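Taking it in order: structure first as structure tokens, then the write-up.
The figures here come from the full heavy-atom set of this structure, side chains too, leaving out hydrogens, waters and symmetry mates. Treat the numbers as computed from the prediction; the structure is a model and nothing was measured. For reference, positions follow the sequence shown, starting with 1.
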Amino acid sequence: DPTMCRSGTEMNLCSRQKWTQIENIEEDFRNGLKLMLLLESHLVCSIYLYDVIATRLTKKQVFIGYLTMVIPCFFLNMHHGFKMTLISWYSLEDDPIGNLNTAFEVAEKYLDIPKMLDADDIVNTPKPDEKAIMTYVSCFYHAFAGAEQAETAANRICKVLAVNQENEKLMEEYEKLASELLEWIRRTIPWLENRVAEQTMHAMQQKLEDFRDYRRVHKPPKVQEKCQLEINFNTLQTKLRLSNRPAFMPSEGKMVSDIANAWKGLEQVEKGYEEWLLTEIRRLERLDHLAEKFKQKSTLHESWTTGKEELLSQKDYESASLMEIRALMRKHEAFESDLAAHQDRVEQIAAIAQELNELDYYDAATINARCQGICDQWDNLGTLTQKRRESLERVEKLWETIDQLYLEFAKRAAPFNNWMDGAMEDLQDMFIVHSIEEIQSLITAHDQFKATLPEADKERMAIMGIHSEILKIAQTYGIKVVGENLYTVLSPQDISNKWEAVKQLVPMRDQTLQEEVARQQSNERLRRQFAAQANIIGPWVQTKMEEISHVSIDIAGSLEEQMSNLKTYEQNIINYKSNIDKLEGDHQLSQEGLIFDNKHTNYTMEHVRVGWEQLLTTIARTINEVENQILTRDAKGISQEQLNEFRASFNHFDRVSNTWSLCMFFFLYFQKRNGMMDPDDFRACLISMGYDLGEVEFARIMTLVDPNNTGVVTFQAFIDFMTRETAETDTAEQVMASFKILASDKLYITVEELRRELPPEQAEYCISRMTKYIGGDATPGSLDYISFSSALYGESDL
């Protein structure tokens with residue numbers, strides 16, 4: 001306002017403002033005169049507002065003071081965010097020459113403005129060169145105009161580098177998790193493939209307990225890690241697609257498919273290991289039973305053969321009488337009958353020994369040695385028996401007297417004695433059953449045996465009657481019976497004692513069978529209890545899988561509503577875990593009770609475990625897919641209504657206005673068939689949108705929507721491709737142009753320029769990744785920003 005000016009000088013400056021106007025900033029600032037008038041006006045306002053002057057000053061004094069104090073701070077600090085502390089107003093002293101030299105030096109060092117003025121000439125010359133001063137001041141405008149362009153370029157580079165750094169961090173995390181999981185699988189498989197069987201039942205049961213600990217404690221965390229790894233991989237691929245980066249290809253052997261194959265191999269080995277453990281336990285149980293049975297039969301046989309070789313080797317017939325010879329002959333016939341009866345037992349012993357060898361019994365050497373001794377002794381007995389018979393037959397013609405009663409007693413007592421031996425052996429025989437039906441079969445056989453006891457008792461009474469008849473004849477005819485029956489080693493007392501022993505073993509056998517019945521009934525209750533839970537849990541898991549699949553393809557509602565429904569399913573599944581744990585407890589009780597089959601259900605614990613793990617993986621993967629769809633929608637600016645249109649358009653569409661709806665119709669149609677779109681269907685969809693597809697172009701598009709070469713196009717990949725067709729994203733050319741601005745149009749950039757224009761972290765990142773520039777016009781230490789920019793949008797392992 002001219003009325004507020006206090007002097008003639010102020011009036012002149014204010015009056016000049018009326019006719020001096022800034023019409024065009026770029027042109028008028030190049031006009032030195034207008035710039036001087038503007039500076040003079042700013043000086044007057046500053047003098048008036050801050051009451052700096054107390055006395056009248058000449059125009060030269062005013063101009064020098066303004067040039068030495070105001071202009072340096074104003075121009076050097078005016079740019080937003082650029083070297084705001086190069087010169088502090090409050091640090092300047094009342095030294096015009098020093099202040100001017102400071103301003104000239106700072107401008108030359110940080111803004112590349114040459115020192116065109118001399119401080120002594122400006123201060124001490126009566127009339128400084130105004131054109132030189134105006135030319136120097138106009139250089140500030142050009143310097144700061146370039147700085148603003150550099151700042152924009154630096155911001156763009158920082159944004160691109162930040163995205164790239166975040167993606168690299170996700171890649172490193174994926175590689176680390178994949179390496180750890182594969183290493184765990186590599187260490188676990190040899191342990192599960194170890195099929196070295198233990199020699200005792202206790203040791204094998206300990207192996208089974210160690211396997212249960214692996215299932216309960218060690219494996220579940222690895223299942224979670226595998227699921228998290230797949231989630232991280234999908235999230236990374238989504239971010240790379242959204243930032244216009246190529247798909248992430250993990251290191252060789254660390255693809256998601258590689259991890260899935262390794263996990264599948266682990267589960268196969270794990271299943272084989274469990275089957276091997278159970279088979280070995282059954283085998284050891286069978287071996288223990290056979291070994292005990294072998295010992296019992298061998299002991300009975302060895303007890304029977306004791307003294308038989310000495311008896312057969314005797315030559316008592318040489319000095320015997322006729323009656324004695326005949327008695328020896330009959331006795332020998334009875335022995336042969338007994339020998340034939342024992343033939344079956346010897347064959348059983350040999351068969352048991354052979355089976356123990358076939359089942360790789362750990363103490364097979366002892367079994368074989370004992371069996372061989374029995375067989376050799378048996379062959380010797382046969383040879384001795386044959387020789388003694390031939391000897392007796394040679395002298396039999398000389399002896400004709402026969403004691404029929406003793407002979408009859410011997411013939412009937414021997415088979416009966418063998419029958420009692422067999423009965424005692426059967427009554428004490430060990431058995432293995434796994435069901436109520438099997439024990440009932442044993443009980444039935446035992447009942448049938450008890451039904452034969454009356455007939456056996458009649459046979460015993462008949463045998464005892466023969467002995468009574470001998471005593472009666474001897475008493476009637478005055479025959480003195482001295483010693484044992486010459487035809488048999490059995491005595492009536494032996495028959496009576498064995499008969500009493502058989503009668504005592506019968507109730508003991510009854511008790512043993514009833515105890516086994518109780519045990520099998522308990523096992524049956526465990527089977528029914530397990531089956532009742534398994535028949536509920538199995539269909540529940542299958543139903544949840546179907547419901548989750550329905551939610552994932554449901555086109556009704558928003559993505560947030562789908563996410564809420566999936567979270568509800570996830571919580572219900574977590575809450576259902578207690579039922580799985582209870583079923584695991586029942587399964588453990590069944591295995592401890594050696595229950596290996598269950599006719600009441602088609603679900604095994606292995607089926608339930610696999611179904612449960614698949615359910616957990618499916619819900620986690622489905623939630624991740626919906627999250628990625630939300631991320632894509634928000635990043636690409638697709639509204640909820642557009643997404644609903646994509647999912648709901650089936651019949652009403654045209655190529656111009658409803659191209660997206662047409663494509664979504666095709667995708668949803670094929671998705672209803674198998675959840676995916678094969679390449680031929682995808683080609684048909686693109687052609688319907690108006691794409692002119694050759695083989696090369698279609699192959700390029702397939703590398704975008706199917707980077708892993710799986711042979712199908714998912715819904716998420718389809719959405720990403722369609723949004724990428726219209727979305728604006730940074731390109732390698734834009735980044736190169738930004739670097740070129742920072743480098744002042746040079747084909748290379750220096751370390752100093754990077755550190756000056758970029759934040760420290762981003763500058764060091766570029767310095768460490770850029771290669772040296774090769775060219776004759778480059779200064780030492782120059783960097784190649786062109787290859788660096790290309791690499792950002794090329795290989796992902798930059």
Quick one about Tyr765 and Glu168 (side-chain donor to acceptor, distance below 3.5 Å, no hydrogens or angles considered), yes or no?
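Yes, because at least one side-chain N or O of Glu168 sits under 3.5 Å from a partner of the opposite role on Tyr765.
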
Can you confirm whether the side chains of Gln228 and Asn232 place a donor and an acceptor under 3.5 Å from each other?
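Short answer, yes.
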
Can you sort out the partners of Glu173 under side-chain contact (heavy atoms from CB on, under 4.5 Å), two or more places apart, ordered by chain and number?
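Applying side-chain contact (heavy atoms from CB on, under 4.5 Å) to Glu173 gives Lys169, Leu170.
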
[Y] side chain reached by [X] side chain, heavy atoms, under 4.5 Å:
| X | Y | answer |
| --- | --- | --- |
| Tyr174 | Val256 | yes |
| Lys746 | Tyr773 | no |
| Asn708 | Met249 | yes |
| Leu783 | Val751 | yes |
| Leu242 | Leu631 | yes |
| Ile630 | Glu560 | yes |

Pair Glu172 + Lys176: basic N to acidic O under 4.0 Å
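No.
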
Should Arg683 and Glu695 count as an ion pair when the cut-off is N to O under 4.0 Å?
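Yes, charged N to carboxylate O under 4.0 Å.
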
Using side-chain hydrogen bond (donor to acceptor under 3.5 Å, both in side chains) as the criterion, list what pairs up with Glu166, not counting sequence neighbours.
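Testing Glu166 for side-chain hydrogen bond (donor to acceptor under 3.5 Å, both in side chains), a comparison that skips the adjacent residues, returns Lys239.
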
Can you list the residues that meet the side-chain hydrogen bond (donor to acceptor under 3.5 Å, both in side chains) rule with Asn234, with sequence neighbours excluded?
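Partners of Asn234 by the side-chain hydrogen bond (donor to acceptor under 3.5 Å, both in side chains) criterion, ordered by chain and then number, come out as Asn624.
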
Could you tell me which non-hydrogen atom of [X] sits nearest to which non-hydrogen atom of [Y], and how far apart they are?
| X | Y | result |
| --- | --- | --- |
| Phe698 | Pro679 | CZ-O, 3.4 Å |
| Lys254 | Ile259 | O-CD1, 4.1 Å |
| Leu236 | Met171 | CD2-CG, 3.7 Å |
| Gly711 | Asp706 | N-OD2, 2.8 Å |
| Leu182 | Ala262 | CD2-CB, 3.9 Å |
| Met736 | Tyr785 | O-CE1, 3.6 Å |

Rounded to the nearest 0.5 Å, what separation is found between the CD atom of Glu627 and the OG1 atom of Thr622?
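Nearest 0.5 Å value for the CD-OG1 distance: 11.0 Å.
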
Intermediate values then yes/no, side-chain contact (heavy atoms from CB on, under 4.5 Å), Leu754 and Met770:
CA-CA 11 Å; Leu754 286 173; Met770 285 185 180; 4.1 Å; yes

Dump the intermediate steps for side-chain contact (heavy atoms from CB on, under 4.5 Å) on Tyr748 and Lys772, then the final yes or no.
CA-CA 9 Å; Tyr748 60 87; Lys772 291 184 178 180; over 6 Å; no

Leu742 and Ile157: CA distance, side-chain angles, deciding distance, side-chain contact (heavy atoms from CB on, under 4.5 Å) verdict
CA-CA 10 Å; Leu742 297 185; Ile157 294 174; 3.7 Å; yes

Main-chain N/O of Pro250 paired to Glu175 side chain as donor or acceptor, under 3.5 Å:
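Such a contact is absent between Glu175 side chain and Pro250 backbone.
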
Is a side-chain N or O of Gln762 found less than 3.5 angstrom from the main chain of Pro759, in a donor-acceptor match?
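Such a contact is absent between Gln762 side chain and Pro759 backbone.
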
Steps toward side-chain contact (heavy atoms from CB on, under 4.5 Å) verdict (Val626, Lys567):
CA-CA 11 Å; Val626 176; Lys567 290 291 185 181; over 6 Å; no

Quick one, Arg700 with Thr703, criterion side chain to side chain donor-acceptor pair (under 3.5 Å). Give me CA distance, side-chain angles, the key distance, then yes/no.
CA-CA 5 Å; Arg700 183 192 68 82; Thr703 60; over 6 Å; no

